[in-house]
**Q** 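Take a look at this one; I'll ask things after.
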Amino acid sequence: NAKAKGRGRFQFYSGEMNARALQRLRMENELRKAIDNNELRVAYQPKVDVQQRKFIGVEALVRWDHPKHGIVSPAEFIPLAEESGLIVDIDNWVLHKACHQASEWLNMGITCPVAVNVSALNFKKTNLVERIKTALREADLPASLLELEMTESIVMSDIELNTERLTQLKEMGTSISIDDFGTGYSSLSYLRRLPIDQVKIDRSFVNEIDCNNEDMAIVKAIIAMSTTLKMEVIAEGVETTTQTEKLSKAGCHRLQGFFYAKPMPAKFATETLLAGFDALPAAKKLATATS
Ligand code: C2E
Ligand code: MG
Ligand code: MG
Ligand code: MG
C-alpha cells in the first residue's frame with residue numbers, strides 16, 4: 001500500500017543520504033591529508049593581450065592528484081574545502097607555490113605576474129595580509145608581480161570591512177582582480193570606491209557571445225564600465241576565433257581561455273612563456289584569420 005511505499009522511499013533516500021554524507025566525510029579527511037601527503041598541484045594558465053601579441057601573466061589553479069582517483073578538479077573539492085575551512089590552508093599552499101614559481105621565472109629573465117584565487121573564508125581571515133607578505137618575502141618576489149583574484153560576491157559582501165582589507169592589499173603593492181564578473185550583484189557606486197585594478201568577465205557571457213546578442217550587450221557594458229572606472233578588463237573562457245574578434249573589436253584585448261592555452265604544469269608553462277605568444281597555435285590561427 002501507499003504507506004509502505006512511502007516508507008520504503010524514505011528509507012531509500014535516507015540510505016542514499018547517509019552514503020553521500022559518508023563519502024563527503026571520507027573526502028574531507030583525505031583532503032585534510034592531501035597537503036602533507038604532497039598531493040596538491042598547481043596548474044598555470046596563461047593570459048594574453050591580443051593587441052600587443054604577448055603574455056601578460058598566468059593564473060595559478062589548484063589540482064588534487066588523488067592516489068586513487070587521479071587528478072580531481074577544484075570544482076569538485078573547493079566547495080568541500082570552503083565548508084570545512086581547509087580552503088585557507090590550500091589557498092596558502094597555492095600562494096607559496098605560485099610566488100616561488102614567479103620568482104623562478106624572474107630569475108630566468110621572464111617577468112610574468114602570477115594570479116592566485118582567494119576564497120571568501122581566506123579573505124576574511126585577519127592575518128591574510130601578513131601571510132601574503134610572508135609568502136612574497138620567502139619567495140623573494142616583488143608584490144607587483146602578485147595578483148589576487150576574488151569573486152564579486154566576496155568583494156561586495158561586507159563593504160566596510162572589504163574596503164579596508166582591499167586597501168591594505170593594494171598598499172602592499174599587489175593588484176586586485178574581480179573574478180567571475182557579471183554573475184554577482186555589484187553595486188556600481190561601491191565598485192567605484194574600491195581599489196580594484198581589473199575585472200574578469202565571466203566565462204558564461206563569453207561562451208554565448210557568438211550567438212546571443214544579450215550576452216554581447218552585457219560584455220560591452222562591462223567593458224564600458226571598466227573604461228569609465230579606469231580598470232583593466234579581461235575575458236575568461238575564450239575558446240574560439242570569433243569570440244576573440246568580437247571581444248577585441250569591443251575593446252577587450254586581454255583574454256584567457258582554452259583557445260590560447262589550457263592550465264598546465266609549471267614545466268610546460270615555462271616552455272610556453274619562453275616560446276612566446278607568436279608560437280601559440282592560436283596566434284597562427286589569428287594571423288590567418290585577419291590577413
Ligand atoms: P576561476 O578562478 O574562474 O578559474 C577559471 C576556470 O575556468 C578554471 O577552472 C579554468 O581551467 C577554466 N577555464 C579556463 N579557460 C577555459 C575555457 O576556455 N573554457 C572552459 N570551459 N573553461 C576554462 P578550474 O581550474 O577547474 O577552477 C575552477 C574554479 O575553482 C576557479 O574558477 C576558482 O574559483 C576555483 N579555484 C581554482 N584554484 C583555486 C585555488 O587555489 N584557491 C581557490 N580558493 N579557488 C580555486
Ligand atoms: Mg580565478
Ligand atoms: Mg574566473
Ligand atoms: Mg569563472
Side-chain angles (χ1 to χ4, degrees), residues 31 34-35 39-48 50 57-65 70-99 101 113-125 128 131-132 135 146-155 175-184 196-210 219 222 233-244 247 254-266 268-269 272 280-282:
L31 190 55
I35 299 183
E39 290 165 13
L40 295 185
R41 310 276 177 266
V42 179
Y44 298 90
Q45 186 182 31
K47 301 174 180 182
V48 304
V50 284
V58 295
E59 177 173 4
L61 295 155
V62 71
R63 302 298 175 245
W64 180 10
D65 193 355
I71 299 289
V72 185
S73 107
E76 285 178 59
F77 67 88
I78 294 280
L80 183 70
E82 299 244 12
E83 286 166 47
S84 58
L86 289 169
I87 191 69
V88 178
D89 289 336
I90 294 175
D91 274 6
N92 220 37
W93 184 86
V94 173
L95 171 71
H96 277 261
K97 200 83 180 161
C99 286
Q101 187 55 62
V114 67
V116 297
N117 292 282
V118 179
S119 86
L121 196 64
N122 191 17
F123 183 68
K124 286 191 197 106
K125 290 277 172 199
L128 177 69
R131 281 187 286 119
I132 293 175
L146 179 66
E147 205 175 294
L148 305 167
E149 292 191 6
M150 44 210 119
T151 62
E152 209 179 347
S153 50
I154 297 177
V155 175
S175 68
I176 293 159
S177 296
I178 306 191
D179 211 344
D180 303 345
F181 194 83
T183 58
I196 309 280
D197 298 285
Q198 175 177 264
V199 296
K200 297 190 80 176
I201 305 173
D202 190 64
R203 190 167 85 215
S204 59
F205 303 110
V206 174
N207 247 323
E208 301 269 305
I209 56 173
D210 289 347
V219 166
I222 299 175
V233 61
I234 182 167
E236 64 174 22
V238 178
E239 294 181 350
T240 67
T241 318
T242 319
Q243 286 165 357
T244 296
L247 287 159
R254 298 175 159 229
L255 310 174
Q256 183 183 12
F258 294 170
F259 182 62
Y260 294 96
K262 291 194 168 163
M264 52 194 143
F268 296 115
T272 304
L280 291 176

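Both ligands and their constituent atoms are indexed starting at 1 by order of listing.
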**Q** Between E239 and R203, is there a side-chain N and carboxylate O pair less than 4.0 Å apart?
**A**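 No, this pair does not count.
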
**Q** Any salt bridge linking K47 with E149? Criterion: basic side-chain nitrogen under 4.0 Å from a carboxylate oxygen.
**A**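 Salt bridge: yes.
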
**Q** Between D179 and ligand 1, which residue portion shows a heavy-atom distance shorter than 4.0 Å: side chain, backbone, both, or neither?
**A**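 Within the 4.0 Å criterion, D179 contacts ligand 1 through side-chain atoms alone.
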
**Q** Taking heavy atoms and a distance under 4.0 Å, where does L61 meet ligand 1: side chain, backbone, both or neither?
**A**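 Answer for L61: both.
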
**Q** Heavy atom of G237 under 4.0 Å from ligand 1?
**A**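 True for this residue.
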
**Q** Taking the side chain from E152 and the backbone from G182, do they hold a donor-acceptor pair closer than 3.5 Å?
**A**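 It does hold such a pair.
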
**Q** Hey, what do you get for CD1 (I196) to CZ (F181), rounding to the nearest 0.5 Å?
**A**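 Between atom CD1 of I196 and atom CZ of F181 there are 9.0 Å.
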
**Q** Within this structure, what is the CD-CG distance for the pair E236 and D179, rounded to the nearest 0.5 Å?
**A**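 Result: 5.5 Å between the selected atoms.
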
**Q** Just let me know how K200 lines up against ligand 1, side chain, backbone, both or neither, with a heavy-atom cut-off below 4.0 Å.
**A**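 No part of K200 comes within reach of ligand 1.
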
**Q** Please lay out, stage by stage, how Y44 and T272 fare under the test side-chain hydrogen bond (donor to acceptor under 3.5 Å, both in side chains).
**A** CA-CA 11 Å; Y44 298 90; T272 304; over 6 Å; no

**Q** What part of I90 sits under 4.0 Å from ligand 1 if we count only heavy atoms: the side chain, the backbone, both or neither?
**A**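 Neither; nothing of I90 gets under 4.0 Å from ligand 1.
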
**Q** Determine whether a donor-acceptor pair (N or O, by modelled atom type, separation under 3.5 Å) exists between the side chain of Q45 and the backbone of A261.
**A**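 Side chain of Q45 to backbone of A261: a pair is present.
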
**Q** Under 3.5 Å between some N or O of ligand 1 and some N or O of F258?
**A**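 Right, the criterion is met.
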
**Q** Could you say whether the N/O atoms of V94 and ligand 1 ever approach to under 3.5 Å?
**A**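 Among all N and O atoms of V94, none is under 3.5 Å from an N or O of ligand 1.
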
**Q** With no hydrogens and no angle check, do the side chains of N117 and E59 hold a donor and an acceptor under 3.5 Å apart?
**A**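 Note: N117 and E59 side chains meet the donor-acceptor criterion.
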
**Q** Could you go step by step and tell me if W93 and V42 meet the side chain to side chain contact (heavy atoms under 4.5 Å, CB included) rule?
**A** CA-CA 10 Å; W93 184 86; V42 179; 3.6 Å; yes

**Q** Could you check whether any heavy atom of K262 sits closer than 4.0 Å to an atom of ligand 1, since that is the contact criterion I want to use?
**A**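 K262: no contact with ligand 1 (<4.0 Å).
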
**Q** What is the minimum heavy-atom distance between P113 and E147, and which atoms define it?
**A**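 Minimum heavy-atom separation between P113 and E147: CB-OE1, 4.4 Å.
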
**Q** For L80, is there any backbone N or O sitting under 3.5 Å from a side-chain donor or acceptor partner on E83?
**A**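 Side chain of E83 to backbone of L80: no pair is present.
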
**Q** Considering only heavy atoms, which of I87, V42, I78, D202 lies nearest to atom 35 (C) of ligand 1?
**A**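 The option holding the nearest heavy atom is I78.
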
**Q** For the backbone of S119 and the side chain of D91, can you confirm whether one donor and one acceptor N or O come within less than 3.5 Å of each other?
**A**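 Yes.
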
**Q** Any atoms of ligand 1 less than 4.0 Å from a non-hydrogen atom of D180? List them with their elements.
**A**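 Result: 3 (O).
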
**Q** For ligand 1, which atoms sit closer than 4.0 Å to a heavy atom of Q45?
**A**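 So the answer, numbered in order with elements, is 14 (C), 15 (N).
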
**Q** Hey, which atoms in ligand 1 end up nearer than 4.0 Å to a heavy atom of S119?
**A**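 Taking each heavy atom of S119 in turn, ligand 1 has 44 (N) under 4.0 Å.
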
**Q** Do the side chains of V155 and F123 get nearer than 4.5 Å, heavy atoms only?
**A**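 F123 does not reach V155 side chain to side chain.
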
**Q** Indicate yes or no for a side-chain donor-acceptor contact from D65 to the backbone of E39 under 3.5 Å, with no hydrogens or angles considered.
**A**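 No, the answer is negative, given that no donor and acceptor are paired below the 3.5 Å cut-off.
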
**Q** Check E59 against ligand 1 and report side chain, backbone, both or neither, counting heavy atoms closer than 4.0 Å.
**A**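 Only the side chain of E59 comes within reach of ligand 1.
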
**Q** Which of the numbered atoms in ligand 1 are under 4.0 angstrom from any heavy atom belonging to P263?
**A**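 Heavy-atom distances to P263 below 4.0 Å select 11 (O).
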
**Q** Just jot down the ligand 1 atoms closer than 4.0 angstrom to any heavy atom of P74, in number order.
**A**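 The atoms of ligand 1 under 4.0 Å from a heavy atom of P74 are 24 (P), 25 (O), 26 (O), 27 (O), 28 (C), 30 (O), 37 (C).
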
**Q** If waters are left out, how many protein N/O/S atoms lie within less than 2.8 Å of the Mg ion (ligand 2)?
**A**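 My tally for this metal is 4.
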
**Q** Do any nitrogen or oxygen atoms of N117 come within less than 3.5 Å of a nitrogen or oxygen of ligand 1?
**A**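 Yes; the residue has a nitrogen or oxygen that sits under 3.5 Å from a nitrogen or oxygen of the ligand.
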
**Q** For E239, take its heavy atoms, then give the atoms of ligand 1 lying under 4.0 Å from any of them.
**A**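 Once the distances to E239 are compared, the set is 17 (C), 18 (O), 19 (N), 20 (C), 21 (N).
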
